[in-house]
Amino acid sequence: VQLQASGGGLVQAGGSLRLSCTASGRIYSSAVMGWFRQAPGKGREFVGLIRWGRGSTTHADSVKGRFTISKDGAKNTMYLQMNGLKPEDTAIYYCARGTTYSFSAGDFGSWGQGTQVTVSS
């Protein structure tokens with residue numbers, strides 16, 4: 001199953017974007033789907049995840065209250081609604097698929113290609 005992330009762009013501080021991550025095939029209920037981001041010169045940072053079958057979500061403290069993960073199971077698509085964007089949110093955003101409830105990028109085996117989000121001040 002391949003993942004395709006989209007929806008990035010340039011936005012002013014305080015603005016919103018919605019990222020999408022679409023799988024080429026079915027996402028099984030046992031899957032854990034995650035969002036990570038990587039800013040220039042930094043490591044890959046956990047943003048949030050959704051347990052596909054349960055639909056329960058966990059968000060990193062840095063985005064809690066501003067970002068929301070959701071899904072459309074029929075479309076095999078995960079979303080990241082980002083509100084109240086800040087310049088420090090500027091990064092390449094990646095979606096990933098794993099089978100373990102984990103905040104570690106190493107526990108996710110399949111990755112999308114990433115989509116650039118740039119927030120201007």
Side-chain angles (χ1 to χ4, degrees):
V1 174
Q2 294 183 330
L3 303 176
Q4 178 77 33
S6 62
L10 173 64
V11 64
Q12 289 188 333
S16 298
L17 282 174
R18 188 177 80 156
L19 306 184
S20 299
C21 174
T22 299
S24 60
R26 178 185 173 186
I27 301 174
Y28 288 92
S29 61
S30 58
V32 176
M33 299 293 292
W35 286 102
F36 291 80
R37 65 186 182 185
Q38 188 164 15
K42 295 188 177 181
R44 200 158 289 192
E45 176 190 13
F46 171 77
V47 174
L49 61 78
I50 183 167
R51 290 178 169 178
W52 200 253
R54 300 180 184 183
S56 57
T57 58
T58 301
H59 299 81
D61 287 344
S62 59
V63 306
K64 201 170 293 183
R66 300 187 298 123
F67 292 10
T68 303
I69 295 173
S70 63
K71 67 166 187 173
D72 185 333
K75 295 182 178 180
N76 293 307
T77 298
M78 173 178 64
Y79 302 100
L80 180 65
Q81 177 67 44
M82 305 186 294
N83 300 326
L85 282 161
K86 305 175 181 179
E88 52 263 43
D89 295 319
T90 295
I92 300 174
Y93 283 71
Y94 298 90
C95 60
R97 182 175 66 112
T99 57
T100 304
Y101 180 85
S102 172
F103 302 164
S104 173
D107 289 326
F108 289 78
S110 299
W111 290 81
Q113 85 290 358
T115 184
Q116 176 72 48
V117 171
T118 302
V119 184
S120 63
S121 57

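If you're wondering where the values come from, they're calculated on a predicted model, not measured in any experiment.
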**Asked** Side-chain contact, heavy-atom cut-off 4.5 Å: Gln4 with Gln113?
**Response** yes
**Request:** Report yes or no: does Arg54 contribute a side-chain atom to a donor-acceptor pair with the main-chain N or O of Ile50 at less than 3.5 Å?
**Result:** no
**Request:** Report yes if the side chains of Met78 and Cys95 come closer than 4.5 Å at any heavy-atom pair, otherwise no.
**Result:** yes
**Prompt:** Does the side-chain hydrogen bond (donor to acceptor under 3.5 Å, both in side chains) test come out yes or no for Asn83 and Ser16, once each step is laid out?
**Reply:** CA-CA 4 Å; Asn83 300 326; Ser16 298; 2.9 Å; yes
**Prompt:** Are Arg44 and Trp111 in a cation-pi setup, meaning NZ or CZ lies under 6.0 angstrom from the ring centre and within 45 degrees of the ring axis?
**Reply:** yes
**Asked** Quick one: does Thr100's side chain get under 4.5 Å of Val32's, heavy atoms only?
**Response** no
**Prompt:** Does any non-hydrogen side-chain atom of Leu19 lie less than 4.5 Å from one of Trp35?
**Reply:** yes
**Request:** Just grab all the side chain to side chain donor-acceptor pair (under 3.5 Å) pairs involving residues 67-80, residues at least two apart or on different chains.
**Result:** Thr22-Thr77
**Message:** Checking Tyr94 against Phe108 for the ring-ring contact (aromatic ring centres under 6.0 Å, His included) test, could you report, in this order, the C-alpha distance in whole Å, the side-chain angles of both residues, the deciding distance, and whether it holds?
**Reply:** CA-CA 11 Å; Tyr94 298 90; Phe108 289 78; over 10 Å; no
**Request:** Please check if Phe36 and Phe67 belong to a single hydrophobic cluster, counting links between Ile, Leu, Val, Met, Phe, Trp and Tyr side chain heavy atoms closer than 4.5 Å.
**Result:** no
**Prompt:** Near Tyr101 OH, under 6.0 Å, is it more than 12 heavy atoms from other residues, nucleotides or ligands?
**Reply:** yes
**Message:** Just verifying a value: how many Å separate Ile27 CD1 and Ser110 OG, rounded to the nearest 0.5 Å?
**Reply:** 10.0 Å
**Message:** Listing request: all salt bridge (Lys or Arg N to Asp or Glu O under 4.0 Å) pairs with a residue in residues 16-31, at least two apart in sequence or in separate chains.
**Reply:** none
**Prompt:** Under 4.5 Å between side-chain heavy atoms, hopping through other hydrophobics if needed: is there a path connecting Phe46 to Ile92?
**Reply:** yes
**Request:** Identify the two heavy atoms, one from Cys21 and one from Met33, that lie closest to each other, and give their separation to 0.1 Å.
**Result:** SG-CE, 4.3 Å
**Heavy-atom check, side chain of Ile69 versus side chain of His59, under 4.5 Å** = yes
**Request:** Give, for atom OG1 of Thr57 and atom CG of Leu49, the distance between the pair rounded to the nearest 0.5 Å.
**Result:** 8.0 Å
Pairs of donor and acceptor atoms involving the side chains of residues 114-121, under 3.5 Å and at least two apart or interchain, shall be tabulated with distances.
from	atom 1	to	atom 2	distance (Å)
Thr115	OG1	Gly8	N	3.0
Gln116	NE2	Ala91	O	3.4
Gln116	NE2	Thr118	OG1	3.3

**Message:** I'd like to know if Lys86 pairs up with Asp89 as an ion pair, taking the criterion as any Lys NZ or Arg NE/NH1/NH2 lying under 4.0 Å from an Asp or Glu carboxylate oxygen.
**Reply:** no
**Message:** To the nearest 0.5 Å, what is the distance between CZ on Arg97 and CD on Gln2?
**Reply:** 11.0 Å
**CZ on Arg51 to OG on Ser30, rounded to 0.5 Å** = 12.0 Å
**Asked** Closest heavy-atom contact between Ser62 and Arg37?
**Response** OG-NH2, 3.7 Å
